[in-house]
Student: 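Mind looking over this structure? Questions follow.
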Amino acid sequence: MNQRLRVYAWEFPVRFTHWINVLCILTLSVTGFYIGAPFIHAYSSKQYIMGWMRFIHFTAAYVFLMSVIIRLYWAFAGNRYASWKIWFPFSSDRWRDLVNAVKFYLLISRKPPYAVGHTALAGLTYLIVFLLFIFEIVSGFALYSQAHSGALWTLLGGWLLGIMHVQTIRLFHHLVMYVLLVFAVLHVYIAWHLDTVEKNGLMGSIFGGYKFVTGKEWE
Amino acid sequence: MGHRENDHIDIVGRLLKRGVSRRDFMKFCTAMAATLALPAGFATKIAEALEKARKPSLVWLEFQDCAGDTESFLRANKPTVAEIVLDVLSVDYHETIMAPAGKQAEKSRDDVVKHQKGKYIAVVEGSIPTKDGGIYCCIGGRSALDIVREVCGNALATIAVGACAWDGGWPAADPNPTGAVGVKDAVRGITLINLPGCPMNVENLTATIVHYLTFGTFPATDSHGRPLFAYGERIHDHCERRAHFDAGQFVRQWGDEGHRKGWCLYEMGCKGPETYKNCPVIRWNEGTNWPVGSGHGCIGCAAPRFWDTMTPFYKRLPKVPGFGIESTADKIGAGLAAVTAAGIAVHGIARAVKGKPKEKETTE
Ligand code: HEM
Ligand code: SF4
């Protein structure tokens with residue numbers, strides 16, 4: 001606790017895409033929910049509520065796609081905390097960290113999972129989350145390609161229509177929204193929990209990029 | 001019924017005798033050009049072709065079906081399309097409408113297959129059971145599978161009408177007790193045009209045959225073997241209620257104000273957004289109306305395995321697999337949210353009770 005080192009963990013592209021993703025997922029969830037169950041009633045046919053909801057959904061979808069592409073690019077171009085390798089905590093060391101982290105969150109163990117970047121459990125979680133992002137994009141563009149035929153949309157998702165029935169795609173596109181929202185809530189709670197336990201500036205780090213390191217990370 | 005492959009039909013002469021004027025005939029040709037999405041100029045070409053056409057023989061097979069496509073066929077009545085179609089075609093075998101019965105009827109079919117090999121058109125209605133040697137549908141002592149292979153295998157082309165003949169339709173719906181399949185899976189390597197729908201729309205059957213008589217080829221098809229002119233576009237994109245969809249005006253209950261005003265049926269489970277067919281354009285019963293026009297959502301009857309994939313018909317989304325009948329995606333979502341909230345609450349309380357882990361305790 002005496003010596004605190006400031007480490008620049010989250011580079012700009014990581015923080016930038018993080019916040020873009022937050023905005024996109026919120027926007028896509030609200031508009032997507034409306035598309036699934038239109039909760040606002042129009043009183044005149046001159047209104048364009050569903051039209052706007054879909055327009056916003058599709059615009060946010062493109063922004064989200066770009067953001068995910070940038071982040072994936074940064075998984076190869078960025079620093080070691082951003083690397084794709086953190087998503088695969090399957091070495092024996094990392095695996096032990098993973099088990100310890102689970103114990104910590106279940107309040108079985110009191111030893112918080114220290115790491116400068118992501119802990120093993122976080123890494124694995126983000127792998128799953130990114131796969132879900134990609135699923136939302138592919139399934140979304142599959143639905144989109146029904147009315148917009150073209151090579152681009154076939155490539156982005158239309159091909160899925162050949163494998164899954166469109167209603168199944170729609171159902172999972174809808175269900176994954178809930179999974180992502182649950183993730184978001186847990187994610188914020190856990191970040192706050194860890195921050196109060198480790199006092200490493202975790203909550204602040206996603207704004208400014210810096211985390212504090214006390215040395216325990218290398219134990 | 002015999003071998004009349006060389007008969008020229010003098011269609012206009014015959015129609016005149018039946019009180020159908022040349023003008024009506026031209027109207028029919030124009031309607032066909034429109035259905036086929038051809039430029040208006042093609043109406044004359046179609047007229048000329050039909051006037052010169054030789055009467056192709058047609059064998060209509062019925063297997064596990066409800067005769068709905070036959071109904072649709074017989075109700076063809078654009079300036080008596082029925083007469084034109086029936087005059088253009090020589091329907092040599094059709095169990096429901098033919099005069100001969102029993103052995104005689106079987107003979108008419110066998111004659112066509114034998115004497116007009118590779119020249120007649122086979123139309124199949126209904127699915128073909130394959131389980132237990134195909135015993136679930138036998139006609140004249142022969143299994144449907146056997147008949148369809150012989151008749152379609154020797155035909156110039158086969159037109160599978162209705163959902164059942166396409167991919168098994170209703171009989172093939174889960175759990176498919178008879179192992180029903182459509183023609184595409186029963187006979188391989190034949191020229192096959194699929195006109196799915198429950199039932200098929202006779203205008204599309206007529207247009208497909210008119211296309212053949214005019215151009216000598218069958219219309220271009222999609223990856224499911226369905227003609228693009230009829231199945232190339234989405235119902236939702238041509239629906240007259242679409243403006244209400246975009247506006248956000250939805251029917252929420254049968255008979256509510258929106259329903260009386262003709263608003264969009266999306267929330268009542270309309271599957272127009274995922275179904276490809278030309279219903280909103282050609283409509284039904286002489287263009288009188290169509291399901292959505294009369295206030296009922298589309299059930300997606302022209303979509304693959306529609307009975308399994310498009311149900312429940314009155315809900316937007318399918319049931320969630322592995323959960324109870326009543327569970328919808330939103331209920332599961334709400335459940336997930338509740339579990340998360342509870343988890344966080346329990347964790348937070350436990351954390352407070354056990355006390356925050358102290359920095360010191362964690363360093364050893
Ligand atoms: C985090 C990401 C996303 C979430 C949470 C989300 C959520 C949703 C939801 C809940 C629906 C309604 C489904 C229903 O019940 O019918 C929907 C519809 C849809 N989404 Fe997404 N979506 C996301 C990303 C995307 C992306 C990237 C695309 C790409 C274009 C997309 C395209 C669509 C389309 C085309 C529809 C159907 C619209 C219609 O039928 O008019 N979505 N989305
Ligand atoms: S009624 Fe059905 S097809 Fe027509 S606009 Fe509404 S959802 Fe689309």
Side-chain angles (χ1 to χ4, degrees), chain A residues 1 33-54 104-107 109-112 114 143 146-147 149 161-162 165-175 177-179 181-186 188-190 193 196-199 214-216 219, chain B residues 223 232-234 236-237 243-250 252 258 261 263-264 266-267 271 273-276 300 303-305 308-311 316-321 329-330 332-337 339-341 343-344 346-348 350-351 353-364:
Chain A
M1 198 65 216
F33 189 83
Y34 181 86
I35 294 167
F39 50 85
I40 307 172
H41 301 213
Y43 46 81
S44 142
S45 39
K46 301 228 163 44
Q47 283 171 288
Y48 197 62
I49 302 177
M50 181 59 100
W52 280 113
M53 290 289 181
R54 293 175 70 243
F104 168 75
Y105 291 123
L106 292 178
L107 297 171
S109 145
R110 290 193 160 207
K111 191 171 168 12
Y114 284 102
L143 295 175
Q146 288 186 105
S149 46
L161 291 167
H165 191 269
V166 53
Q167 282 293 92
T168 317
I169 296 176
R170 240 177 194 278
L171 177 64
F172 282 98
H173 190 75
H174 194 118
L175 281 174
M177 169 183 75
Y178 287 111
V179 178
L181 290 177
V182 165
F183 158 78
V185 172
L186 286 176
V188 173
Y189 177 74
I190 288 173
H193 176 55
T196 60
V197 173
E198 294 187 7
K199 304 232 177 347
T214 51
K216 294 184 211 73
E219 269 171 19
Chain B
S223 58
E233 278 169 75
R234 218 163 47 137
H236 189 55
D237 294 327
H244 295 297
F245 172 86
D246 290 331
Q249 292 179 307
F250 301 98
R252 282 156 199 268
K261 288 186 173 161
W263 289 357
C264 169
Y266 184 77
E267 279 198 83
K271 302 297 185 302
E274 31 277 324
T275 308
Y276 293 77
R305 307 297 310 273
D308 292 331
T309 56
M310 290 304 191
T311 44
R316 278 297 311 149
L317 292 177
K319 286 171 200 133
V320 184
D330 287 330
I332 288 174
L336 272 176
V339 169
T340 313
I344 289 179
V346 169
H347 189 275
R351 186 175 180 267
V353 173
K354 288 182 92 169
K356 262 199 250 171
K358 292 268 150 42
E359 275 299 309
K360 269 198 204 107
E361 286 171 286
T362 56
T363 27
E364 266 123 53

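Naming: A, B, ... by sequence-line order, numbering from 1 per chain.
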Student: Of the backbone (N, CA, C, O) and the side chain (C-beta and beyond), which part of A:Tyr43 lies under 4.5 Å from a heavy atom of chain B, both, or neither?
Tutor: backbone
Student: Hey, mind stepping through B:His347 and A:Tyr105 against ring pair (Phe, Tyr, Trp, His ring centres under 6.0 Å) and telling me if it holds?
Tutor: CA-CA 8 Å; B:His347 189 275; A:Tyr105 291 123; 7.2 Å; no
Student: Tell me which of these, B:Gly348, B:Ala247, B:Ala334, has more heavy-atom pairs under 4.5 Å with chain A than the rest.
Tutor: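 Answer, by heavy-atom pair count under 4.5 Å with chain A: B:Ala247.
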Student: With a 4.5 Å cut-off on side-chain heavy atoms, are A:Thr196 and B:Arg351 touching?
Tutor: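 With C-beta onward as the side chain, the pair touches.
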Student: Quick check for you: to the nearest 0.5 Å, what is the distance between A:Met53 atom CE and B:Asp246 atom CG?
Tutor: 13.0 Å
Student: For the interface with chain B, which of A:Ser44, A:Ser149, A:Gly162, A:Gly51 has the highest count of heavy-atom pairs at distances below 4.5 Å?
Tutor: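 So the answer, after comparing A:Ser44, A:Ser149, A:Gly162, A:Gly51, is A:Ser44.
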Student: If I measure from the heavy atoms of chain B, does A:Ile35 come under 4.5 Å with its side chain, its backbone, both, or neither?
Tutor: both
Student: Checking heavy atoms, do the side chain of B:Arg316, its backbone, both or neither come under 4.5 Å from chain A?
Tutor: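 Both backbone and side chain.
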Student: Report yes or no: does A:Tyr48 contribute a side-chain atom to a donor-acceptor pair with the main-chain N or O of B:Gly248 at less than 3.5 Å?
Tutor: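 Between the backbone of B:Gly248 and the side chain of A:Tyr48 there is no qualifying donor-acceptor contact (under 3.5 Å).
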Student: Kindly compute the distance separating CZ (B:Phe245) from CZ (A:Arg54), expressed to the nearest 0.5 Å.
Tutor: 4.5 Å
Student: Nearest 0.5 Å, what's the CD1-CG distance between B:Ile332 and A:Leu171?
Tutor: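 Answer rounded to 0.5 Å: 8.0 Å.
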Student: Taking the side chain as every heavy atom from C-beta outward, state whether A:Phe183 and B:Thr340 have any pair of such atoms under 4.5 Å apart.
Tutor: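 A side-chain contact under 4.5 Å is absent here.
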Student: Answer whether the closest heavy-atom distance between the side chains of B:Glu274 and A:His165 falls below 4.5 Å.
Tutor: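 In short, these two side chains do not touch, never coming nearer than 4.5 Å.
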Student: So which heavy atom on A:Leu107 is nearest to which on B:Ala350, and how close?
Tutor: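 Heavy atoms of A:Leu107 and B:Ala350 come nearest at CD1-CB, 3.2 Å.
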Student: Side chain, backbone, both or neither: which part of B:Arg252 has a heavy atom under 4.5 Å from chain A?
Tutor: side chain
Student: What's the separation between atom CD1 in A:Ile190 and atom CD1 in B:Ile344, rounded to the nearest 0.5 Å?
Tutor: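 Those atoms lie 8.0 Å apart.
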Student: Rounded to the nearest 0.5 Å, what separates atom OG1 in B:Thr309 from atom CD in A:Gln167?
Tutor: 7.5 Å
Student: Which heavy atom of B:Gln249 sits nearest to which heavy atom of A:Ala42, and what is that distance?
Tutor: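 Smallest interatomic distance, heavy atoms only, reads CG-CB, 3.7 Å.
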Student: Which atoms of A:Val166 are under 4.5 Å from chain B, going by heavy atoms: the side chain, the backbone, both sets, or neither?
Tutor: side chain
Student: Identify which of B:Glu233, B:Glu267, B:His244 forms the greatest number of heavy-atom pairs closer than 4.5 Å to chain A.
Tutor: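 Sorted descending by pairs with chain A, the first entry is B:Glu267.
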Student: Verify, without hydrogens or angle tests, whether B:Tyr276 (side chain) and A:Gln146 (backbone) share a donor-acceptor contact under 3.5 angstrom.
Tutor: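 Yes: the side chain of B:Tyr276 pairs with the backbone of A:Gln146.
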Student: Just checking, any donor-acceptor pair under 3.5 angstrom between side chains of B:Asp330 and A:His174?
Tutor: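 Yes, side-chain donor-acceptor contact under 3.5 Å.
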Student: Please classify the contact between B:Ala329 and chain A as side chain, backbone, both or neither, with a heavy-atom cut-off of under 4.5 Å.
Tutor: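 For B:Ala329, heavy atoms of backbone and side chain both lie under 4.5 Å from chain A.
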